[in-house]
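Basis for what follows: all heavy atoms, side chains included, without hydrogens, waters or symmetry-related copies. Reminder, nothing fancy here: chain letters follow the sequence lines and each chain counts from 1.
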Amino acid sequence: MAKSDTSGGDSSRPWQSYHTVFTNAKAGMEGVDKEKVQRIVYEMSKGSKFFENEERKEADMRQKIDNMRDRCAKLTAANIAHYQKVADKRILELESTRDLSRLWLHVDMDAFYAAVETLSNPLLRGKPMAVGSMSMISTANYEARRYGVRAAMPGFIARKLCPELIFVPTDFKKYTHYSDLTRKVFYRYDPNFIASSLDEAYLDITKICKERGITSGEVAEELRASVNQETGLTCSAGVAPNRLLAKVCSDINKPNGQFVLPNNRLAVITFVSSLPIRKVGGIGKVTEHVLKDVFRITTCDEMLQKSCYLCALFSQSSADFFLSVGLGLGRTDTPQVQLRKSISNERTFSATENEAFLYQKLVELADMLSADMEKESLYGRTLTLKLKTASFEVRTRALTLHNYTCSSEDILKHASKLLKAELPVSLRLIGLRMSQFSEDKDGAPSDPTQKTLSNFVLSGDSCGKNMGDGLSCDLHVTENLSTINTETTMNFHETCYDIRDPSDGNQISDHSHNTYTSNNDSHEMEIISGPLSSASKRKVIGASTVMHTPNSCQAEASRLPVDDSLSLSRQYQGSSLDKVKKRAPLSDDPASSSNQKEPLAWVDDYKCSLCGVELPPSFLEERQEHSDFHFAERLQEEESCNNHTYPALKQRFIQKEHIASKNRGTQIRIRIRSFPCTNSPGTPKGRLTTNYSSSSSSQHENSDNNIGVTMPTMYDILDSSKAQKLELRLQTLGPFFRITAKSLETQNELGRAEGLIRVWLGGKILHLDSIRLRRETLGMEKSIFGIGLFIGAVAIRYGYDCGCRTAELLAINDSDLYHSKLVRFYTRIGFKSVYEVTGSNFGDFAHMLVWGGVGTRMEANVQELLVKWCTRFSSQK
DNA sequence: GCGGATCAC
DNA sequence: TATGGTGATCCGC
């Protein structure tokens, strides 16, 4: 029959024959230079083990197509006549099942993960962004799709397609939360809705349309508006007489659109007649190729025209499926609760044949699987081991036991047996799956779907309770996050900037030193010989910084505290800030100091009482950041002389200014005392004076200030910190620096940052080696990020004053959980991921020496960081 | 019951 | 440098 037309005949364009799932069209990919994308994908993949495996699979597919074509060619006229009768009969039977009585609506959230991430960090808005990692992307936003970037594409290829692509690590907790919010809306329209994934659902809206006397299109509009209102996210909807078509329809006007297919046969037949088969759920890359290359079927109606061949060459169930697609049929019933049929887990690692390693992986997987099964009270008897070899070949080995089990010992015992039989082998993935569950151990409650459903319903009417639970749970994570540290050992005894007078400074210096060494991380100082020795093993979370690419000025902002709130303020400009300004004089005692924050409340446990920004209760981290924003905003209100909005505040400011101007004469001069390179901090070696006064702006300020904002001077920062009863110190030793924050009340060290100024080809680089914040020393009312705000400000200002253009740090990857949090944290600050140091490659060795670990190298432009920073410390709107 | 494949998100 | 994890289903043994 049809000759294969995708065999890549043009040898000058080899990429044309390399098809991957992500070279296929998807919503938002219109107008993409497909040829270019394909070429880049090809070039990036060429020669890899993955590529070779893809070629093998491609060859297998060709073989399959050739076989089918042969069988097709062998059909006699009699055969064809026979199968045509079979097909016609079957078509009639299927047609008789057509049910046009139901109205099905399919909802599909638009670029769900990416949209959620943008919601929690509006700085991402309008920029090409992908959720995922260098190895795999889960979702790309529409800006990124314009470059050909899409889900299921490895990150490093995506970066090639779009060098400015921003990567955001996945955060399923967040997506689940938003998914639950959407489901609460769905529930109102169809309590029996079918959730097919976190971001998709099918609703039977027949009843609600009838009850309310409105059209399906109106329901769809209303539902989409509700979802948008309650989540801030957009979705697309499709309405059709069955689920299969509803899903196709929801894709038509994506994003943020809908399409209604009328419930009459003619409309359905017409719709289907020109519908490309690949749009239909269940028809993937292989089926598409087979149908196209063997039978020249590209649209659904052609399934009917070629029905005799389909019946002749496919199984009855496949043929039935194809014919129903051709007729535009699909499921219209609401199925009973779907029981889970298997549970599994699998992990990818860098390929190895180290048997101890492989066995260890198996142990971990067995434990995880057992725990997951216990959680759902599942007992299974078929265990399947999945392996992926270094060459990407996938194998499964299964075993059916006599007894049902969920014990990790049982699982491990049998899994090891299966694995042992395969050794030696070089693997890059191991997985375990359990199936064949015992029928209902404990009756209905053990039904996982049921459980989920009842939980969901419960959560619908006991919002507060659930949120409370989430809170206590989240708090733990946040606590952990607050210890952002590295255990870099650097000796800073020698040079000291101090904003206080000399005697005071000495005192502080000693004290500070004691405080530092009292950290149980034990930094007892050692003389360092160079940057490499600063690397040591990180414990909890680390951040370190280096700069290599001076011209990489992609980052937008940097304050060490989080940028969410700032960006939120931008987005809601005119609403949020105005509200704050209107409210503040009412609720704030004019005489109170900025320490006494007006308590920020969450209206309905959802909306910020100060600005109306919506943040779900489980977003503890983001909420903390948000309150930091108001905290910083208040600071700026109080400290700014440009603030005409609050007479009372202004008056207070004038008083402060008066004191501050006195300080300028005495304490503002920052002494830089140089000490000999010994452990005797009290012995001055040389003397240097830097004037960090707020009245004498640094050179950069006027010349570089092209955005119309005033750069905060070092003085601004230091003075603000004093108002917060913080003492900030900047110490330097040669290129190295350290910033410490101490409580003026308790004299405890609250946080510190360390790093160095590196001279690189294109200019100086601010290398942030570590940032450590200590929550335990803080009262809960004082935000950890508030401290980080100041420390970060000093670091950035210092780097800026030293002429640094770029800042770089490494978000240490000690554990996936913390690493992703860390990357998100720094991304919000304004850093961008530039490189993944995984340690699996020889080239990473040098990086690991410098940074002392694996993780994500991130960069930011210092000036942009400072400009962003300003909006917190200056009085700009 | 097993193993390979396909598909979807 | 580098191509995921989970679950379902189908087909051919």
Less than 3.5 Å apart, which donor and acceptor atoms pair up between the side chains of residues 425-436 of chain A and the rest of the protein, not counting sequence neighbours?
unit_1: A:Gln436; atom_1: NE2; unit_2: A:Thr382; atom_2: OG1; d: 3.2

Would you mind listing every salt bridge (charged side-chain N to carboxylate O under 4.0 Å, His left out) that reaches into residues 151-167 of chain A, with sequence neighbours excluded?
none
Contacts of type side chain to side chain donor-acceptor pair (under 3.5 Å), residue A:Asp333, not counting sequence neighbours
A:Arg331
Write down the distance between CZ (A:Phe322) and C1' (C:dC11), rounded to a whole number of angstrom.
13 Å
List for me each residue that meets ring-ring contact (aromatic ring centres under 6.0 Å, His included) alongside A:Phe357, sequence neighbours excluded, and say none if there are none.
A:Phe349
Of A:Arg428 and A:Arg347, whose nearest nucleotide on DNA chain C comes first from the 5' end?
A:Arg428
Need to verify one output field. Residue with the more 5' nearest nucleotide on DNA chain B, A:Asp199 or A:Met61?
A:Met61
Closest to the 5' end of DNA chain B, once A:Leu198 and A:Asp60 are matched to their nearest nucleotides, is A:Asp60
Calculate the interatomic distance between A:Arg433 atom CZ and C:dA8 atom C1'; express it in whole Å.
9 Å
Got a sec, which pairs hit salt bridge (charged side-chain N to carboxylate O under 4.0 Å, His left out) with one end in residues 411-421 of chain A, sequence neighbours left out?
none
Taking the inter-plane angle between the rings of A:Phe51 and A:Tyr42 on a 0 to 90° scale, is it parallel (under 30°), tilted (30 to 60°) or perpendicular (over 60°)?
perpendicular
On DNA chain B, reading 5' to 3', which nucleotide is the first and which the last to sit with an atom under 4.0 Å from a heavy atom of chain A, could you check?
B:dG1 to B:dC9
P-based separation of C:dT3 from B:dA8 [nearest Å]
24 Å
Rounding to a whole Å, what distance do you find between A:Lys341:NZ and C:dC10:C1'?
13 Å
